[in-house]
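The chain is numbered in sequence order, starting from 1.
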Amino acid sequence: MAFDIDMIKGVYASMGERVEKARELVGKPLTLSEKILYSHLWDGKPERAFVRGKDYVDFAPDRIACQDATAQMALLQFMQAGKDKVAVPTTVHCDHLIQAKDGAAQDLKHANETSKEVFDFLESVSNKYGIGFWKPGAGIIHQVVLENYAFPGGMMIGTDSHTVNAGGLGMVAIGVGGADAVDVMAGMAWELKFPKLIGVKLTGKLSGWTAPKDVILKVAEILTVKGGTGAIVEYFGPGATSMSCTGKGTICNMGAEIGATTSTFGYDESMERYLRATDRSDVADEANKVKEHLTADPEVYANPEQYFDQVIEINLTELKPLLNGPFTPDLATEVGTMKEKAEKNGWPLAVEWGLIGSCTNSSYEDLSRASSIAQQALDKKLKTKAEFGINPGSEQVRYTTERDGILEIFEKLDAKIFTNACGPCIGQWGRYEDPKNAPKNSIVHSFNRNFAKRADGNPNTHAFVASPEMTAAIAIAGRLDFNPLTDKLINEDGEEVMLDEPTGWELPPKGFEVKENGYLEPVKDGSGVEVIVAEGSERLQLLEPFEPITAKDLQGMKLLIKAFGKCTTDHISMAGPWLRFRGHLDNIANNTLIGAVNAFNQKTNFVKNQLTGEYGGVPDTQREYKKKGIKTIVVGDHNYGEGSSREHAAMQPRHLGVAVVLVKSFARIHETNLKKQGMLALTFVNENDYDLIQEDDTFNFVDVAEFAPDKPLTIEVVHADGSKDTIMANHSYNDAQIKWFNEGSALNLIKKQNA
């Protein structure tokens, strides 16, 4: 039986009428993405056609999911909104605050001890406000959502960039900042610029060593880390329908790495099979009644160039297994062509770890296919050269794979079975005592991100992304340039052996099974539940509303940092050990921009304090400006704020006194997060003006009093020698977002409206 089946029935009941009206307004057949978007308008039935990539639209998502690291700040904000209960079904999942080190039992015990205060807070606040709570160890948020909450044709938002995983079950599922989630929890509309549409036609069929992971690794190579920005990627074609539901989830999950708003697939038989296997036959039955609305109109897929803004075609039969990396998820290398490339670039060929799991590849199918390779190592008397780490996606997957002997195969190879949690994927990996001074090395994993220091904190770890089965093969061989399609290995008897193609099961032959899934249902009336935040706590801190940034504040501003090159949310607000402060804004603010590279000296966390002329850490320097009442500006490069949806990357600079972020271009979620916190998120009209910014600059906003939609802002840049440059800055604020700025934050406006 599904959660919230009545809500799902309600979505389907209105879908036909809304889709028909939208088709009439648009004047042509509709993609699946358009059908879902137009059937989830805040005002209900569509009244006009929207311009892709331009019109801001208010939507009504069906549900919200939050993970423990982001839920803290989201729920601390919701507590200020003046509501007794969340307005839409919401869940919290404890998966980020569990370090992978010694193995599942010890690691979970340690997490429950060290983060007890946070877990207790999240459990109590969930209970008070009608939020479903998934305990530590229950599973990774996106796998749990796919197993329990995702449904074809639905719309959900989540406070994690990989919320998009639910597109594998035909949803439009979008990662957002906590402030966006708070809007919807509080019964408000959720605003999004109507996305552009990218169609990916999949022909042929996957076979042999090629896996669904290789599809998205190829798409990442084609589109790069920013090629999907502002767009929904919709997959279709015979190659799509031939793929498993969890394989589709893998592809959608890593769509976050190309900057896509989300990715999705049309409803098909693989989704129906998955729904029934996960005890949701009631959802499958309801979906079958409206299945013509749960995929694109036939004309769209027959002539995709007429309906999508961009079309990509990939023949799965010809697709080769890929390794993407290091340090970026879009640098693709075909397996078998790595040796020359690695030697040219100085990438270590020896592989020290193979890591399988994370929200991207931790399904039953993924683990079964990887285990078929691991079993061959046992059968063919091969000694594995690298270490293995396994993160099952949920307790249901873990219990079922244990029952079926899959985990035992890995354990016979001395693999560490970590907790059903994110672990190494998000930097929660206790691999080194001193990661900053750890040696240069290579690892291969089935995760989604491989930025520098992402997994283990070691800037010298070269992480490569591959399918679970390819990860297993390379870990056994211990070499980055190993090609299981052609290369032989020497076993313990000195014999040459080859690995056979992987095999596995789409779904468990004996069905899924679990004894304790880790879910806690909230009480119906939470008015008597007390939420306790201890005074003086290092982990949790109640929020104070931000004061509005005034026109006066925007005069005489100082440059905090001019960031050079890639500046992700990991650079702005690191994860790893800093996760423990996600509920304490002032403490976590001490990591603000410490990973960003200063354009003037190519160093991290080393900027000039214009008040003293001395150099120091970014947060320390910023706190000095704050003491003097001086607002600052951060200048950045392209795709600033790519990566995780963490709103801390916006809240921390805001808390410390940064008023403006001026860059060449933004990642979508981060730009929205800055707006929500009442800051100015601006882009250079002329990108070359980035080069005009000098280390000792002061900034004056000339016409901010006339701040209005579609009107660029004029900035006077005063250099140390007294010379001046005038630069123009674009923005994408609409009237509603300008109100956020004027009130100090979106939350301030919500609270005012609920008063």
Is there a side chain to side chain contact (heavy atoms under 4.5 Å, CB included) between Thr471 and Leu355 once you walk through the steps?
CA-CA 7 Å; Thr471 298; Leu355 297 156; 5.7 Å; no
If only atom types and distance count, is the side chain of [X] paired as donor or acceptor with the main-chain N or O of [Y] below 3.5 Å?
{"X": "Asn324", "Y": "Val465", "result": "no"}
{"X": "Asp697", "Y": "Gln694", "result": "yes"}
{"X": "Gln428", "Y": "His96", "result": "yes"}
{"X": "Ser371", "Y": "Ala374", "result": "no"}
{"X": "His571", "Y": "Thr568", "result": "yes"}
{"X": "Thr401", "Y": "Ile406", "result": "no"}
{"X": "Asp107", "Y": "Lys101", "result": "yes"}
{"X": "Lys213", "Y": "Phe447", "result": "yes"}

Which atom pair, heavy atoms only, marks the closest approach of Leu108 to Gly137?
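Looks like CD1-N, 3.9 Å.
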If you look at every heavy atom in Leu593 and Leu560, which pair is closest and at what distance?
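Of all heavy-atom pairs spanning Leu593 and Leu560, the closest is CD1-CD2, 4.2 Å.
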For side-chain hydrogen bond (donor to acceptor under 3.5 Å, both in side chains), just list the numbers for Ser115 and Arg539, CA-CA rounded to whole Å, side-chain angles, deciding distance to a tenth of an Å, and then say yes or no.
CA-CA 9 Å; Ser115 292; Arg539 301 290 299 272; 3.1 Å; yes
Is the closest side-chain heavy-atom distance between [X] and [Y] below 4.5 Å?
{"X": "Lys320", "Y": "Val335", "answer": "no"}
{"X": "Asn609", "Y": "Tyr615", "answer": "no"}
{"X": "Lys626", "Y": "His655", "answer": "yes"}
{"X": "Thr114", "Y": "Lys109", "answer": "no"}
{"X": "Lys453", "Y": "Asn458", "answer": "no"}
{"X": "Asn391", "Y": "Cys422", "answer": "no"}
{"X": "Asn450", "Y": "His445", "answer": "yes"}
{"X": "Val118", "Y": "Asp68", "answer": "no"}

Between Trp134 and His93, what is the ring plane arrangement, given parallel below 30°, perpendicular above 60°, and tilted in between?
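Taking His93 first and then Trp134, their aromatic rings lie parallel (interplane angle under 30°).
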Once you measure the plane-to-plane angle for Tyr640 and Phe666, does it fall in the parallel (<30°), tilted (30-60°) or perpendicular (>60°) bin?
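Because their plane-to-plane angle is over 60°, the rings of Tyr640 and Phe666 count as perpendicular.
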Can you check side chain to side chain contact (heavy atoms under 4.5 Å, CB included) on Gln143 and Val397, steps first, answer last?
CA-CA 9 Å; Gln143 180 67 29; Val397 166; 3.9 Å; yes
Counting heavy atoms not belonging to [X], are there more than 12 under 6.0 Å from its [atom1]?
{"X": "Glu433", "atom1": "CD", "value": "no"}
{"X": "Glu113", "atom1": "CD", "value": "yes"}
{"X": "Lys440", "atom1": "NZ", "value": "yes"}
{"X": "Phe564", "atom1": "CZ", "value": "no"}
{"X": "His110", "atom1": "NE2", "value": "no"}

Check whether the side chains of [X] and [Y] place a donor and an acceptor atom closer than 3.5 Å, and report yes or no.
{"X": "Asp330", "Y": "Thr224", "value": "no"}
{"X": "Asp160", "Y": "Gln67", "value": "yes"}
{"X": "Ser394", "Y": "Asn420", "value": "no"}
{"X": "Ser363", "Y": "Asp366", "value": "yes"}
{"X": "Thr461", "Y": "Asp456", "value": "yes"}
{"X": "Arg449", "Y": "Ser161", "value": "yes"}
{"X": "His142", "Y": "Asn253", "value": "no"}

Would you sort out whether Gln652 and Asn591 count as a side chain to side chain contact (heavy atoms under 4.5 Å, CB included), showing the intermediate values?
CA-CA 9 Å; Gln652 291 170 213; Asn591 80 3; 2.7 Å; yes
Does a side-chain N-to-carboxylate-O contact under 4.0 Å join [X] and [Y]?
{"X": "Asp586", "Y": "Arg623", "value": "yes"}
{"X": "Arg580", "Y": "Glu117", "value": "no"}
{"X": "Glu402", "Y": "Arg398", "value": "yes"}

For His648, enumerate each residue passing the ring pair (Phe, Tyr, Trp, His ring centres under 6.0 Å) test, keeping only those at least two apart in sequence or located in another chain.
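Result, ring pair (Phe, Tyr, Trp, His ring centres under 6.0 Å) vs His648: none returned.
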Which pairs count as salt bridge (charged side-chain N to carboxylate O under 4.0 Å, His left out) when at least one residue sits in residues 598-618, sequence neighbours excluded?
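Those involving residues 598-618 are Lys608-Asp696.
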Got a sec, which pairs hit salt bridge (charged side-chain N to carboxylate O under 4.0 Å, His left out) with one end in residues 638-662, sequence neighbours left out?
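Checked against salt bridge (charged side-chain N to carboxylate O under 4.0 Å, His left out) - neighbours excluded - the pairs reaching residues 638-662 are Lys566-Glu642, Asp570-Arg646.
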Distance to the ring centre below 6.0 angstrom and angle to the axis at most 45 degrees; does that hold for Lys664 and Tyr690?
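Verdict for Tyr690: a cation-pi partner in Lys664.
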CA sep, side-chain torsions, deciding dist, call: Thr632, Lys558, side-chain hydrogen bond (donor to acceptor under 3.5 Å, both in side chains):
CA-CA 5 Å; Thr632 61; Lys558 299 297 184 183; over 6 Å; no
Are Trp347 and Phe464 close enough that their ring centres sit under 6.0 Å apart?
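Yes, the ring of Trp347 comes within the 6.0 Å limit of the ring of Phe464, centre to centre.
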Evaluation steps, side chain to side chain contact (heavy atoms under 4.5 Å, CB included), between Met679 and Val658:
CA-CA 8 Å; Met679 300 171 73; Val658 176; 3.8 Å; yes
